[in-house]
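As the structure is a prediction and not an experimental result, all values here were calculated from the model. We count ligands from 1, going down the list as the structure has it; atoms in each ligand are counted the same way. All heavy atoms count here, side chains included; hydrogens, waters and symmetry mates do not.
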Amino acid sequence: MSLLVKICGLSTRETLETALDAGADMVGFVFFPPSPRHLSLEAGRDLGRQVKRRALKVALTVDADDATFDNIMDALSPDIFQLHGKETVARLRDIKQKFGRPVMKALPVETVADLAVLPGYAAVADRILFDARPPKDATRPGGLGAPFDWHLLQNLELVLPYMVSGGLHAGNVAEAVRVTRAGGVDVSSGVESAPGVKDPEMIKAFIRAARATQELSVR
Ligand SMILES: O=C(O)c1ccccc1N[C@@H]1O[C@H](COP(=O)(O)O)[C@@H](O)[C@H]1O
């Protein structure tokens, strides 16, 4: 099975085109105002049109309300929602039913205790994203460029597809895949020259490095 590569937090036509040309499977758009990668609905509409089915469009939200989902559906028509807040299992079910799109639930990981919620979410989500737990005083729940201990996933038995994120970059993505056996990787800060500023060369290097790990991936 081939490794899915997601480049998240794209906000310009140039860097989106770089990610698509370099073969990203998923391109992520952030709809969360405190993030330096936050997109207006109009920018999301414009970038969404540019994708032209060359990759899956992922809309990242954080504890968003129904009106926000409605607006994102209208502007971007995402292929999948990435839920990166404290959404409950019941809210996941509700979002899937109301908006008719698959959901990828981000779960914060710092210790093995964080995996206790996994069975509940795995019963409803279409994909799980394991991300580093943010510090308590963080202004956002992700996109902080910090990794977690990948060994916590070493013995994971999860039938559902899962991805990893948190502090990935071209230099460590192979090791992350080797340890976690994840079927996909997601990066934002690791392909930026400054928060919110994507770097075309870093995007290409990350996708190249991720592709080189292909044979290590199982899910
Ligand atoms: O990118 C953001 O600003 C962001 C904001 C709120 C929630 C999640 C966010 N990004 C996601 O966080 C992880 C890790 O990112 P990084 O590579 O460590 O910067 C990734 O899944 C992003 O999609």
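Under the 6.0 Å cut-off for aromatic ring centres, Phe130 and Tyr162 qualify, their centroids lying closer than that.
The main-chain N or O of Thr15 is found under 3.5 Å from a side-chain atom of Thr12 such that the two form a donor-acceptor pair. With hydrogens and angles disregarded, a donor-acceptor distance shorter than 3.5 Å links the side chain of Arg37 to the backbone of Gly143.
Of all protein heavy atoms, the one closest to atom 17 (O) of ligand 1 is Ser188 N, 2.9 Å. With hydrogens left out, the protein atom closest to atom 5 (C) of ligand 1 is Gly142 O, 3.6 Å, a heavy atom. Of the protein's non-hydrogen atoms, Asp131 OD2, 3.4 Å is the one closest to atom 13 (C) of ligand 1. The protein heavy atom nearest to atom 19 (O) of ligand 1 is Ser189 OG, 2.4 Å. Among protein heavy atoms, the minimum distance from atom 21 (O) of ligand 1 is reached at Asp186 OD2, 2.5 Å.
Set against the non-hydrogen atoms of Arg37, the atoms of ligand 1 under 4.0 Å away are 1 (O), 2 (C), 3 (O). Close approach of ligand 1 to Arg140 (heavy-atom distance below 4.0 Å) involves ligand atoms 3 (O), 5 (C). For ligand 1 and Val187, the ligand atoms under 4.0 Å from any heavy atom of the residue are 17 (O). Close approach of ligand 1 to Ser35 (heavy-atom distance below 4.0 Å) involves ligand atoms 2 (C), 3 (O). Every atom of ligand 1 with a heavy atom of Leu144 under 4.0 Å away is listed here by number and element: 18 (O), 19 (O). Taking every non-hydrogen atom of Gln82 and a distance limit under 4.0 Å, the qualifying atoms of ligand 1 come out as 21 (O), 23 (O).
Between Asp74 and Arg45, at least one side-chain N (NZ, or NE/NH1/NH2) sits under 4.0 Å from a carboxylate O, which counts as a salt bridge. Taking a cutoff of 4.0 Å between a charged side-chain nitrogen and a carboxylate oxygen, Arg181 and Glu157 do not qualify as a salt bridge. Under 4.0 Å is where a charged nitrogen must lie from a carboxylate oxygen, and between Lys105 and Asp126 no such pair does. Salt bridge annotation for Asp79-Arg101: absent, with no cationic side-chain nitrogen under 4.0 angstrom from a carboxylate oxygen.
Assignment of Gly167 to the shell around ligand 1 is supported, since a heavy atom sits closer than 4.0 Å. For the pair Glu192 and ligand 1, no heavy-atom separation below 4.0 Å is found. At least one heavy atom of Gly145 sits less than 4.0 Å from an atom of ligand 1. The closest approach between Lys6 and ligand 1 falls below 4.0 Å for a heavy atom of the residue.
Of the N or O atoms in Gly143, one or more lie within a sub-3.5 Å distance of an N or O in ligand 1.
Partners of Lys98 under the salt bridge (charged side-chain N to carboxylate O under 4.0 Å, His left out) rule, at least two apart in sequence or in another chain, are Asp66, Asp94. Scored by the salt bridge (charged side-chain N to carboxylate O under 4.0 Å, His left out) test, Lys204 finds Glu201 as partners (sequence neighbours excluded).
For the residue pair Lys6/Gln82, the side-chain donor-acceptor check at 3.5 Å is satisfied. Judged by distance alone, the side chains of Asp131 and Ser165 do bring a donor and an acceptor atom under 3.5 Å apart.
Contacts between Cys8 and ligand 1, counted as non-hydrogen atom pairs separated by less than 4.0 Å, involve the side chain only. Contacts between Leu129 and ligand 1 below 4.0 angstrom, taking non-hydrogen atoms only, involve the side chain exclusively.
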